[in-house]
Amino acid sequence: MNKVSVFSEIGRLEGVILHTPGTEIEQMTPDTIQHALYSDILNLKIAQKEYSLFSGVLSSWCETYQVVDLLAKALQDDIVKQDLLKKILERENKKFIYVELMEQSCEQLAKYLIEGYPYKEGIHPVEFKEKRFVLEPLYNLFFTRDASSSAYDQVIIHSMRTTVRDRESFIMECIFRNVFQTEIINPKLISPEATTEGGDCLIANDDTLFIGNGLRTNAKGIEFMTNWYAARKPKQRILVQQLPQTRDSFIHLDMVFNFLDKDKCIAYEPLICKKNTQYTTTVIDIDHGNITYKEYPCFMDATKSLGFDLKPIACGGDDLWNQEREQWHSGANFFCMGEGKIIGYARNTHTIDNLNNNGFEVIDAQDVVSGKIDLKTKDKFVVTVQASELPRGCGGARCMTMPIRRQSVNWK
């Protein structure tokens with residue numbers, strides 16, 4: 001397989017890792033949804049139908065990979081299989097199931113590691129009976145963005161903020177080491193207190209990162225990233241945006257800002273465009289090991305100082321009421337398949353109208369999947385996915401994608 005190469009958020013997408021929601025998201029109850037990091041229980045059948053439209057559009061555009069298939073491929077090597085199981089079981093204190101899991105086929109083990117390993121009466125400790133699983137399901141895996149993210153020709157294996165997602169990072173590290181043979185950046189190994197997640201990391205261009213600092217990515221994580229690049233690249237710039245810690249819709253930077261094109265972005269205006277808010281915007285400049293910091297009145301001022309001339313298109317349109325409502329359901333979380341070629345949820349109607357008014361042709365995902373419309377004949381567009389269940393998982397199109405290859409962008 002080709003090496004990882006992602007030097008922007010907007011270059012034409014050539015390869016992306018997905019995970020179709022499976023039985024793991026059916027294992028939540030009202031008592032466990034908070035532990036699983038959800039705010040509601042999803043209907044699997046409807047979620048899968050919606051996801052098939054989303055993945056169908058991407059499959060018509062580029063090469064797509066499923067996590068479960070990549071994991072099964074990696075597990076074909078017995079040494080890899082042993083190593084991954086030992087890491088997971090030691091981390092989750094479940095070493096007693098090592099032998100029985102080693103006996104599983106690669107395909108079955110991959111499913112168990114994702115969907116959960118069921119409790120067996122008379123075999124497993126009775127303390128797991130009520131939970132029904134010895135290994136907990138990975139409720140959040142269809143948000144493939146968070147546990148790992150491509151950064152240029154490397155992959156960051158993120159140090160997740162919550163332990164319920166640790167196994168996701170182990171799985172993605174296994175895949176990238178053994179299937180893609182990619183160089184790994186792992187903050188946790190060097191800075192144990194650091195936390196980072198992929199939704200907070202945007203690859204602006206080949207020497208600029210945008211990083212959110214909030215509920216999931218902490219100051220230690222940003223310090224690690226700064227020191228990592230200071231030791232390895234002569235020049236690197238990192239824009240750090242502080243995020244509110246008041247509700248789940250603000251968990252990542254990509255929930256309030258995303259690139260749409262070289263000259264356009266989607267933004268939640270109250271946070272991204274308003275000057276002198278309580279949430280700081282800082283640019284870290286790395287120049288041959290020297291590190292300097294400068295604060296800016298707002299995010300958009302900082303982007304301009306870095307050479308980006310971006311017109312912000314408001315999530316939710318002009319009305320603050322609609323902005324708040326649509327940001328809640330990932331109205332700013334669009335995913336670029338190429339320059340000016342984006343995909344997101346149809347339910348955010350005011351946002352979609354605003355995009356249309358700014359030159360984006362609105363295309364229904366169903367028309368793409370059915371073959372009625374060929375995206376490769378279109379210039380600037382937004383593909384809209386009819387979805388009611390997927391947004392309730394607290395993530396959008398960018399959250400559900402982990403790009404591994406993009407074409408380069410000519411920024412001139």
Quiz prompt | Heavy-atom check, side chain of Pro187 versus side chain of Ile156, under 4.5 Å | solution = yes

Quiz item: Is there any ring pair (Phe, Tyr, Trp, His ring centres under 6.0 Å) pair reaching into residues 377-412, and which pairs are they, with sequence neighbours excluded?
Solution: Phe308-Trp411

Practice problem: Apply ring-ring contact (aromatic ring centres under 6.0 Å, His included) to Tyr152 and list each qualifying residue two or more places apart in sequence or on a separate chain. | Solution: Phe7

Quiz item: Does some side-chain heavy atom of Ile203 sit less than 4.5 Å from a side-chain heavy atom of Leu209?
Solution: yes

Quiz item: Is there a side-chain contact between Thr401 and Leu18, using heavy atoms and a 4.5 Å cut-off?
Solution: yes

Quiz item: Which is it for Glu173 and Ser148 under the side-chain hydrogen bond (donor to acceptor under 3.5 Å, both in side chains) test, yes or no, and what are the steps along the way?
Solution: CA-CA 8 Å; Glu173 181 175 15; Ser148 62; over 6 Å; no

Self-check item: Pairing of Lys73 and Asp69 as salt bridge, 4.0 angstrom limit
Solution: no

Exercise. Not counting sequence neighbours, list each pair that qualifies as a side-chain hydrogen bond (donor to acceptor under 3.5 Å, both in side chains) and has a residue in residues 360-375.
Key: Glu361-Lys378

Anything under 3.5 Å between a donor and an acceptor, one on a side chain of residues 264-277, the other on a protein residue two or more places apart or in another chain? List them.
{"from": "Glu269", "atom 1": "OE1", "to": "Gln323", "atom 2": "NE2", "distance (Å)": "3.3"}
{"from": "Lys275", "atom 1": "NZ", "to": "Asp301", "atom 2": "OD1", "distance (Å)": "3.0"}
{"from": "Lys275", "atom 1": "NZ", "to": "Asp301", "atom 2": "OD2", "distance (Å)": "2.4"}
{"from": "Thr277", "atom 1": "OG1", "to": "Tyr279", "atom 2": "N", "distance (Å)": "3.1"}
{"from": "Thr277", "atom 1": "OG1", "to": "Tyr279", "atom 2": "O", "distance (Å)": "3.3"}

Quiz prompt | Exceeds 12 heavy-atom contacts within 6.0 angstrom, atom CD of Glu130 | solution = no

Self-check item: Inter- and intrachain pairs under side-chain hydrogen bond (donor to acceptor under 3.5 Å, both in side chains), touching residues 333-347, at least two apart
Solution: Asp254-Asn333, His329-Arg347

Practice problem: Would you check, one step at a time, whether the test side-chain contact (heavy atoms from CB on, under 4.5 Å) holds for Ile171 with Ile175? | Solution: CA-CA 6 Å; Ile171 286 172; Ile175 287 170; 4.0 Å; yes

Quiz item: Heavy atoms, side chains only, cut-off 4.5 Å: are Thr282 and Asn213 in contact?
Solution: no

Practice problem: Could you tell me whether Lys233 atom NZ has more than 12 heavy atoms of other residues or ligands within 6.0 Å of it? | Solution: yes

Exercise. Please lay out, stage by stage, how Val362 and Val382 fare under the test side-chain contact (heavy atoms from CB on, under 4.5 Å).
Key: CA-CA 5 Å; Val362 181; Val382 52; 4.0 Å; yes

Quiz item: Is there side-chain contact between Trp61 and Lys376, with heavy atoms separated by less than 4.5 Å?
Solution: yes

Quiz item: Centroid-to-centroid, Phe360 to Phe334, below 6.0 Å?
Solution: no

Quiz prompt | Any pair counted as side-chain hydrogen bond (donor to acceptor under 3.5 Å, both in side chains), so long as it reaches residues 186-200, sequence neighbours left out | solution = His158-Thr196, Thr195-Asn218, Glu197-Arg216, Glu197-His252, Asp200-Thr217

